[in-house]
Protein chains: 2
Amino acid sequence: MTLAYPMTDPRATRPDSALTRAFERHGVRMTYDRNEEIYAQDDEVEFLYQVVRGVVRTSRLTAEGRRQVGDFYYVGDLFGLEPGPDHRFGAEALDDCEILVVRRSVVRAFAGDAELDRAILEATRVEMERLQDHVVMLGRKSARERVACFLMSIAQRGEDDHANLAMGRQDMADYLGLTIETVSRMLTQLQGEAIVEFPSSRHFQIRKWTALEALAA
Amino acid sequence: MTLAYPMTDPRATRPDSALTRAFERHGVRMTYDRNEEIYAQDDEVEFLYQVVRGVVRTSRLTAEGRRQVGDFYYVGDLFGLEPGPDHRFGAEALDDCEILVVRRSVVRAFAGDAELDRAILEATRVEMERLQDHVVMLGRKSARERVACFLMSIAQRGEDDHANLAMGRQDMADYLGLTIETVSRMLTQLQGEAIVEFPSSRHFQIRKWTALEALAA
DNA sequence: CGGTTAATTGAACGCATTCAACACGAGTGG
DNA sequence: CCACTCGTGTTGAATGCGTTCAATTAACCG
């Protein structure tokens with residue numbers, strides 16, 4: 001991890017006003033290498049993070065060594081926003097990342113600012129809804145449906161029809177509660193049905209949106 | 001559902017100060033019969049709820065008719081606290097319930113009150129941590145482990161060693177992402193190993209805490 | 001090119017589901 | 001008091017989905 005320099009470039013964050021200001025004035029821009037840990041599971045919750053460049057994954061390792069990926073965070077996303085005293089999930093850089101970091105105490109000092117509160121609430125809302133969807137997916141969806149779901153959610157982030165996976169098969173599997181082999185099989189299966197197309201293992205394009213939507217369940 | 005009378009009994013809520021006051025002054029006490037809906041999935045988020053008597057379950061029905069139970073709420077628990085505009089999960093009374101209901105606008109009017117804010121934040125924290133644990137359980141635990149986990153969490157609520165299940169097997173199954181048959185089999189299996197004991201299908205006692213803890217993973 | 005890691009594919013296994021039958025308890029009425 | 005019913009829980013046998021283990025192929029990088 002490299003401490004780069006205090007945050008000054010306002011272009012990096014979306015115009016969230018108070019939040020942007022807090023990041024601008026009191027944030028620090030950090031860079032992380034691929035697979036570098038941003039914070040560890042069970043670390044104290046001290047900072048609020050925003051992705052400037054790259055993709056971040058949160059994950060939890062159980063006592064038996066099993067891993068569950070919590071979520072993936074893209075440019076503009078806030079993360080590390082856990083209400084508890086310490087992190088249940090750790091955060092790692094999926095690829096080379098640039099992250100804005102600001103102390104929670106600083107954020108709290110800005111509290112009362114309506115726009116900042118809204119931004120935090122909004123991030124919490126998004127976080128919770130993702131968790132709820134995740135629960136339904138893991139509890140009640142088949143492997144095929146989970147993979148379809150995942151591809152759709154990735155594709156919806158990008159505006160054009162081509163999408164690229166920032167993560168490898170193991171990360172997908174650990175997010176979806178499956179094994180890499182099953183993920184791989186489902187992908188080739190979907191490709192065989194011409195629903196999606198993978199020119200390379202990290203790039204894909206959805207061919208039949210309706211079919212995929214029907215699958216996503 | 002029966003609108004009983006405006007809330008006046010302070011004993012019903014724990015001394016959460018501002019929250020208790022908000023419920024006292026502006027809350028309404030409602031009663032619900034077994035299996036009655038408290039609010040529907042996709043309903044607008046309008047109220048904050050607190051269990052006074054009985055047990056509440058939240059659940060989501062997918063388009064294909066599959067059901068995922070979100071959580072169970074016991075006396076004193078706050079629920080309905082979703083940050084989004086509408087409920088992703090519906091809420092139903094597991095048995096005959098008494099619920100305190102207060103408009104969110106009223107809660108918001110009390111905002112700024114440090115103790116109220118803390119109570120809300122605390123409930124949000126609990127909610128989120130439960131969701132996170134739920135994700136790990138559904139994603140990375142076997143049927144045996146899930147059932148063991150569930151029994152432990154139930155047992156930890158009561159103070160004595162005897163615990164009773166407010167919910168039936170179907171609710172357990174839909175919470176754990178399993179079928180009733182699998183839940184039943186795991187229960188008899190655990191009982192066969194003398195780890196737990198079920199004098200009746202809704203009452204149990206943990207015999208070997210360490211064994212169960214080891215299983216819960 | 002080799003060397004290394006990631007992804008795919010195949011075959012066998014096993015855990016959880018499915019489908020079906022049976023047991024149990026509570027309530028109801030003869 | 002027993003027979004009947006209905007809802008709920010348990011048990012059995014067969015199936016199947018996803019995993020496991022192993023081998024192969026593809027991608028990446030020196």
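Below, read A as the first sequence line, B as the second, and so on, with proteins coming before strands; counting in each chain starts at 1. Because the structure is a prediction, the values reported are computed rather than measured.
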Quiz item: Counting heavy atoms not belonging to B:R125, are there more than 12 under 6.0 Å from its CZ?
Solution: yes
Exercise. Would you classify A:R140 as touching base, sugar-phosphate or nothing, given that sugar-phosphate means primed atoms plus P, OP1 and OP2, and contacts are heavy atoms under 4.0 Å?
Key: nothing
Quiz item: Which value, rounded to the nearest 0.5 Å, describes the distance between A:E127 atom CD and A:Y73 atom OH?
Solution: 3.0 Å
Practice problem: Find the distance A:Q189:CD to D:dG16:C1' and express it as a whole number of Å. | Solution: 14 Å
Quiz item: Taking the side chain of B:S201 as heavy atoms from C-beta outward, which of D:dT19, D:dG18, D:dG9 is closest to it?
Solution: D:dG9
Exercise. Starting from C1' on D:dT10, measure out to CD on B:Q170 and report it in whole angstrom.
Key: 14 Å
Practice problem: Applying salt bridge (Lys or Arg N to Asp or Glu O under 4.0 Å) between A:D77 and each of A:R130, A:R57, A:R53, report the one that passes. | Solution: A:R130
Practice problem: Describe the nucleic acid contact of A:R202 in one word from base, sugar-phosphate, nothing, applying a heavy-atom distance below 4.0 Å. | Solution: sugar-phosphate
Exercise. Using the six-membered ring wherever Trp is involved, compare the ring planes of A:H87 and A:Y49 and label them parallel, tilted or perpendicular (cut-offs 30° and 60°).
Key: tilted
Exercise. Send over the distance from B:H203 NE2 to D:dG9 C1', rounded to a whole Å.
Key: 15 Å
Quiz item: How long is the line joining CZ of B:F198 and C1' of D:dT8, in whole Å?
Solution: 14 Å
Exercise. Could you check B:R66, B:R60, B:R67, B:Q68 and say which one makes a side-chain hydrogen bond (donor to acceptor under 3.5 Å, both in side chains) with B:D174?
Key: B:R67
Quiz item: What integer distance in Å separates A:R169:CZ from D:dT25:P?
Solution: 19 Å
Practice problem: Classify the nucleic acid contact of A:L178 as base, sugar-phosphate or nothing, counting any heavy atom under 4.0 Å across all strands shown. | Solution: sugar-phosphate
Practice problem: Would you indicate what B:S200 reaches in the nucleic acid, counting non-hydrogen atoms under 4.0 angstrom: base, sugar-phosphate, or nothing? | Solution: nothing
Exercise. Can you tell me the distance, in whole Å, between the CD atom of B:Q191 and the C1' atom of D:dT11?
Key: 14 Å
Practice problem: Calculate the interatomic distance between B:F204 atom CZ and D:dG9 atom P; express it in whole Å. | Solution: 14 Å
Quiz prompt | Check: B:R185 side chain, D:dG9 base, donor-acceptor under 3.5 Å | solution = no
Quiz prompt | Lys/Arg cation over aromatic A:F198: A:R169, 6.0 Å, 45° cone | solution = yes
Quiz item: Of B:E181 and A:T182, whose nearest nucleotide on DNA chain D comes first from the 5' end?
Solution: B:E181
Quiz item: Among D:dG9, D:dT10, D:dT19, which is the nearest nucleotide to the side chain of A:T179?
Solution: D:dT19
Quiz item: Which nucleotide span of DNA chain C, 5' end to 3' end, has atoms closer than 4.0 Å to non-hydrogen atoms of chain A?
Solution: C:dA7 to C:dA11
Self-check item: Length of the line joining A:I180:CD1 and D:dA22:C1', which is rounded to integer Å
Solution: 13 Å
Quiz item: Under 30°, 30 to 60°, or over 60°: which ring-plane class applies to A:F72 and A:Y175, parallel, tilted or perpendicular?
Solution: tilted
